[in-house]
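These notes are about the structure you will find just below.
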Amino acid sequence: QVQLVESGGGLVQAGGSLRLSCVVSGRGFSRYGMAWFRRAPGKEREFVAAVTRSSGSTYYADSVKGRFTISRDNAKNTAYLQMNSLKPEDTAVYYCAARGSGNYASSPYDYDFWGQGTQVTVSS
């Protein structure tokens with residue numbers, strides 16, 4: 001059974017930083033493509049960033065490019081999202097997701113496992 005547990009959310013002022021972590025239990029973390037999504041109040045869940053299994057290539061939504069960095073540590077079964085220069089519009093519940101095929105995808109329907117989410121609130 002694969003379980004994803006996010007942590008690191010919280011309340012921060014605009015311009016501040018947070019680092020989210022996603023620990024994946026079970027076997028095979030290094031085979032998974034990993035991603036972060038978010039859902040703001042009243043909005044659909046949207047893609048934020050992804051990192052592939054093998055090459056570790058990274059992909060970002062235009063809205064976070066240059067401010068957020070996704071990474072992974074296969075030895076620790078953990079994916080990260082470093083968020084800098086946060087804006088009030090980044091306020092959302094952030095979800096970690098794992099994709100068994102390991103390559104890049106930006107649709108939530110292409111991900112097999114999900115965490116419970118962690119709240120990020122950015123005040124102006």
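- Ion pairing of D62 with K65 is present here, as a side-chain N (NZ or NE/NH1/NH2) and a carboxylate O approach within less than 4.0 Å.
- In terms of heavy atoms, F47 sits closest to A105 at CE1-O, 3.9 Å.
- In this structure, the side chains of V51 and Y59 stay at 4.5 Å or more apart for every pair of heavy atoms.
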Applying side chain to side chain contact (heavy atoms under 4.5 Å, CB included) to Y80 and R19, what does each step give before you reach the verdict? CA-CA 7 Å; Y80 303 96; R19 187 175 84 153; 3.7 Å; yes
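- Here the CZ-CG distance, from R72 to N74, works out to 4.5 Å after rounding to the nearest 0.5 Å.
- Between the SG atom of C96 and the CZ atom of F113 there is a distance of 12.0 Å, given to the nearest 0.5 Å.
- In this structure, the side chain of E6 engages the main chain of Q116 through a donor-acceptor pair within 3.5 Å.
- In this structure, the side chain of T78 engages the main chain of K76 through a donor-acceptor pair within 3.5 Å.
- Using a cutoff of 4.0 Å between basic side-chain nitrogens and carboxylate oxygens, E46 and R39 are not scored as salt-bridged.
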side-chain hydrogen bond (donor to acceptor under 3.5 Å, both in side chains) between N84 and S17, worked out: CA-CA 4 Å; N84 299 328; S17 298; 2.9 Å; yes
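- Of all non-hydrogen atoms in R67 and D90, the two that sit nearest each other are NH1-OD2, 2.8 Å.
- Between R53 and Y32 the shortest side-chain heavy-atom distance does not fall below 4.5 Å.
- Residues V2 and D112 have side chains not in contact (no heavy-atom distance under 4.5 Å, counting atoms from C-beta outward).
- Both tests do not hold together for R99 against Y104: distance to the six-membered ring centre under 6.0 Å, angle to the ring axis within 45°.
- The shortest distance between side-chain heavy atoms of T52 and M34 does not fall below 4.5 Å.
- Aromatic ring pairs are classed by plane angle as parallel below 30°, tilted from 30° to 60° and perpendicular above 60°; the pair W114 and F37 is tilted.
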What verdict does the side chain to side chain contact (heavy atoms under 4.5 Å, CB included) test give for T69 and L81, after you've listed the backbone C-alpha separation in whole Å, the side-chain angles of each residue and the deciding distance to 0.1 Å? CA-CA 6 Å; T69 302; L81 185 69; over 6 Å; no
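- At least one side-chain heavy atom of R38 sits under 4.5 Å from a side-chain heavy atom of V64.
- A heavy-atom distance below 4.5 Å is not found between the side chains of T118 and V93.
- N77 contributes no side-chain N or O that, together with a main-chain N or O of F29, makes up a donor-acceptor pair within less than 3.5 Å.
- Taken to the nearest 0.5 Å, the CG atom of L20 stands 13.0 Å off from the OH atom of Y95.
- For S124, the side-chain contact (heavy atoms from CB on, under 4.5 Å) partners are P88, not counting sequence neighbours.
- Across all non-hydrogen atoms, the minimal contact from A49 to Y60 is CB-CD2, 3.6 Å.
- Atom OG in S25 sits 8.0 Å away from atom CD in Q1 (nearest 0.5 Å).
- Put simply, OG on S21 and CG on D73 are 10.5 Å apart, with the number rounded to the nearest 0.5 Å.
- Between I70 and W36 the shortest side-chain heavy-atom distance falls below 4.5 Å.
- L4 and L18 end up in the same hydrophobic cluster when Ile, Leu, Val, Met, Phe, Trp and Tyr side chains are linked at under 4.5 Å.
- For the pair M83 and Y94, the minimum side-chain heavy-atom distance is below 4.5 Å.
- Formation of a donor-acceptor pair under 3.5 Å by the T121 side chain with backbone atoms of T91 is not found in this model.
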